[in-house]
Amino acid sequence: MLVKLNIFQTLLYMAKISIIGSGFSGLAAACFAAKEGHQVTLLEKNETIGGRARTFKSDGFTFDMGPSWYWMPDVFENFFAQFGKSAADYYQLKQLDPGFQIIFGKNDTIEIPASMEELEAVFEGIEAGSAAKLRQFLKEAEYKYNVGMKDMVYKPAFSWLEYANLDVVKGMLKSNIFSSVSSYVRSYFKDERLVALMEFPVLFLGAMANKIPALYTMMNYSALVQGTFYPVGGMCRIAEGMKELAVSLGVEFRTGVDVTKIEVTDGLVSGLKTSTGDIALDGLIAAADYNHVEQKLLDEKYRNYSSDYWEDKTFAPSCLIYYVGVSKKIKKLLHHNLFFDADFEKHANDIYSTPQWPDRPLFYVCCPSKTDDTIAPEGMENLFILVPVATGLKDDEATRESYFDGIIKRMENYCGEEFAAEVIYKRTYCIKNFVEDYNAFKGNAYGLANTLMQTAVLKPSLRNKQLKNMFYAGQLTVPGPGVPPALISGQVASEQLNKYLQKL
Ligand SMILES: Cc1cc2nc3c(=O)[nH]c(=O)nc-3n(C[C@H](O)[C@H](O)[C@H](O)COP(=O)(O)OP(=O)(O)OC[C@H]3O[C@@H](n4cnc5c(N)ncnc54)[C@H](O)[C@@H]3O)c2cc1C
């Protein structure tokens, strides 16, 4: 039931809004809905908030379970600024220098310094003339970033007409939307290591660089110019900060509550069935996995898409993760380490073309205890090791285990020291866990890939096309995968729901 109040000659509708899911998209949606004066309840099936960015503690270690790269700091600042706050009110950010390293072989690494002058020297040392090319590349990347942020990502993407403004069209064309990241990068750099470095940031978007529009080299601007940051205490500090803000705005959090059905009355969402009882509502933002919400919670006639639609989509990879505690310091690791010491094409083929468990995969190691002494006991290292794998593979403990020794050997070989015997904590996480913990379709980790055919209006819609008071948020709708896009989708979904409520 909608409550109509007359305050200072303004009609304010205080609607009851439910948000399903406490990932970044749900948290952002809750904050914006509460700011409009609505009565907001956030429902989360897990006992802790943060969605894929939850943490767990064991044996003196605190592990971030999902995201570890803090890029696009302006998106977080922009979010908090809309509530008169700044990220610094909730967590302390440290810029990493070097930002990250890519390991091609035992004595073959590229470290990415925070300073542009030093980065240019790194490039020039690898390929003569590449410093000037880097400058030009990053100038264009900055342009794309600005066009993307100003004119594209904050749109609901209901229609191409939203982009039908001459400046936006010019910006999109100038941003090389129709060529791939791969061909664009290769038009600048020849050395395969520089190519790998410049293609790496778009791996976050869930597909190979030859399938991602060159518009997304905007990510290089964030990685190489804005820099790589870390919130002290871990990535969980962002979600905790957003929760603190949401609570201050009046949002009610209910964890351990599994939504089992979305009820519809007279063509509108009217309530939810949950594991702890029924909830009546005036508006809904479903910020859990889109496929799960449609296929499991909504009656078929109200779904935007069929199950065949989802089968045809290109999903970003899932991943095999090891959370590892080591009882000694490991000298040569940095905070972010990408082990590109294997055949990239072959691994990519095992993810995208012929989905299967890879033979000798590339992997990523985050060692946040290099920056933060609160997340591991003194003198020890906290490791997060991630191997990208295809979604939907058969996942069992034996398969997970089969990679561990080989990965540790490759790390020991690079680091020039042994530490296998010093592993005092280990937990694995993979496809099955993504399904069980987050209702993730086929155990996807990062949502849908940002291919050209899955960009903007071509992504699963942010609104339910029949139920006018229901919107979707999260990494499976616009603008796409990653923490900053998830956060943006929550804002846009909330704005759209509010527009609908204001019309009543
Ligand atoms: C291992 C990993 C590493 C990553 N690394 C990075 C990184 O370094 N940088 C980056 O920017 N991004 C990274 N990402 C991507 C980023 O974490 C996600 O895109 C983002 O967190 C998704 O947020 P979300 O709100 O869309 O979804 P989620 O975080 O999945 O939140 C959805 C929530 O809905 C809940 N839910 C589901 N079904 C129900 C139900 N029926 N009832 C109630 N609640 C329900 C789930 O439990 C979950 O908490 C990573 C992701 C993973 C998995």
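Order of appearance sets the numbers: ligands from 1, and atoms from 1 within every ligand.
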Margin query: Below a 4.0 angstrom heavy-atom separation, can you tell me which part of Ala486, side chain or backbone, both or neither, approaches ligand 1?
Written below: side chain
Check: Just which atoms of ligand 1 are under 4.0 Å from any heavy atom in Asp258?
Finding: 40 (C), 41 (N), 42 (N)
Checklist line | Gly21: numbered ligand 1 atoms lying under 4.0 Å from its heavy atoms | finding: 33 (C), 34 (O), 35 (C)
Margin query: Could you check whether Asn498 and His38, counting side-chain N and O atoms only, form a donor-acceptor pair closer than 3.5 Å?
Written below: yes
Next item on the list: Record the part of His292 in heavy-atom contact with ligand 1 below 4.0 Å; permitted values are side chain, backbone, both and neither.
Entry: side chain
Check: Does ligand 1 have any atom sitting under 4.0 Å from a heavy atom of Gly447?
Finding: no
Item checked: Identity and separation of the nearest protein heavy atom to atom 36 (N) of ligand 1 -> Ala288 CB, 3.7 Å
Notebook entry, point to check: Against heavy atoms of Asp437, which atoms of ligand 1 measure under 4.0 Å?
Noted result: 47 (O)
Next item on the list: Take the angle between the ring planes of Phe200 and Trp69 and call it parallel below 30°, perpendicular above 60°, tilted in between.
Entry: tilted
Notebook entry, point to check: How far is atom 22 (C) of ligand 1 from its nearest protein heavy atom, and which residue and atom is that?
Noted result: Gln475 OE1, 3.7 Å
Checklist line | Close approach, Tyr70 and ligand 1, non-hydrogen under 4.0 angstrom | finding: no
Item checked: Subset of ligand 1 atoms that lie under 4.0 Å from at least one heavy atom of Asn46 -> 47 (O)
Note to self: Could you identify the single nearest non-hydrogen protein atom to atom 32 (C) of ligand 1 and state the distance to 0.1 Å?
What the structure shows: Ala287 O, 3.4 Å
Margin query: If the cut-off is 4.0 Å to any non-hydrogen atom of Ile321, which atoms of ligand 1 fall inside it?
Written below: 1 (C)
Check: What are the two closest non-hydrogen atoms of Ala223 and Thr228, and how far apart are they?
Finding: O-OG1, 4.1 Å
Margin query: Yes or no: does Val257 have any heavy atom under 4.0 Å from an atom of ligand 1?
Written below: yes
Note to self: Evaluate Val483 for polar contact with ligand 1, using N/O atom pairs at a separation under 3.5 Å.
What the structure shows: yes
Checklist line | Phe434: numbered ligand 1 atoms lying under 4.0 Å from its heavy atoms | finding: 53 (C)
Next item on the list: Identify, for atom 14 (N) of ligand 1, the protein heavy atom at the shortest distance, and state residue, atom and that distance.
Entry: Tyr446 CD2, 3.9 Å
Check: Under a 4.5 Å cut-off applied to non-hydrogen side-chain atoms, are Asp396 and Arg400 in contact?
Finding: no
Note to self: Counting non-hydrogen protein atoms only, what is the nearest one to atom 27 (O) of ligand 1? Give residue, atom name and distance.
What the structure shows: Arg52 NH1, 4.1 Å
Checklist line | Heavy-atom nearest neighbour in the protein, as seen from atom 44 (N) of ligand 1, with distance rounded to 0.1 Å | finding: Lys45 N, 3.2 Å
Checklist line | Side-chain heavy atoms of Tyr90 within contact of Glu240, under 4.5 Å | finding: no
Next item on the list: Check Asn439 against ligand 1 and report side chain, backbone, both or neither, counting heavy atoms closer than 4.0 Å.
Entry: side chain
Check: Does a side-chain heavy-atom distance below 4.5 Å link Val153 with Met149?
Finding: yes
Check: What residue pairs, at least two apart or across chains, pass side chain to side chain donor-acceptor pair (under 3.5 Å) with a residue in residues 284-293?
Finding: Arg52-Asp289, Asp289-Asn444, Tyr290-Asn304, His292-Asn439
Next item on the list: Would you check if the distance from the ring center of Tyr322 to the ring center of Tyr429 is below 6.0 Å?
Entry: no
Check: Do Glu252 and Arg254 meet the salt-bridge criterion of a basic N to acidic O distance under 4.0 Å?
Finding: yes
Check: Heavy atom of Ala53 under 4.0 Å from ligand 1?
Finding: no
Next item on the list: Could you tell me which atoms of ligand 1, counted from 1 in the order shown, lie closer than 4.0 angstrom to a heavy atom of Leu386?
Entry: 1 (C)
Notebook entry, point to check: Looking only at protein heavy atoms, which one is nearest to atom 8 (O) of ligand 1, and how far off is it?
Noted result: Trp69 N, 2.8 Å
Checklist line | Under 3.5 Å: N/O of Asp289 near N/O of ligand 1 | finding: no
Give the table of side-chain donor-acceptor pairs shorter than 3.5 Å for residues 309-320, with sequence neighbours excluded, one pair per line with atom names and distance.
| residue | atom | partner | partner atom | Å |
| --- | --- | --- | --- | --- |
| Glu311 | OE1 | Lys442 | NZ | 2.9 |
| Ser318 | OG | Gly443 | O | 2.6 |

Notebook entry, point to check: Among protein heavy atoms, which lies nearest atom 48 (C) of ligand 1, and at what distance?
Noted result: Glu44 OE1, 3.5 Å
Checklist line | Side chain proximity check, Ile285 to Ser494, heavy atoms < 4.5 angstrom | finding: yes
Note to self: Using heavy-atom distances only, which candidate in Pro67, Gly482, Gly26 approaches atom 6 (C) of ligand 1 most closely?
What the structure shows: Pro67
Check: With a 6.0 Å cut-off on ring centres, are Phe56 and Phe61 close enough?
Finding: no
Note to self: Give me the atom names and distance for the closest heavy-atom approach of Arg410 to Ala342.
What the structure shows: NH2-CB, 3.7 Å
Next item on the list: Please check if the distance between the ring centroids of Phe340 and Phe344 is under 6.0 Å.
Entry: yes
Next item on the list: Give the numbers and elements of all ligand 1 atoms closer than 4.0 Å to a heavy atom of Pro484.
Entry: 11 (O)
Check: Is there a side-chain contact between Ile385 and Tyr323, using heavy atoms and a 4.5 Å cut-off?
Finding: no
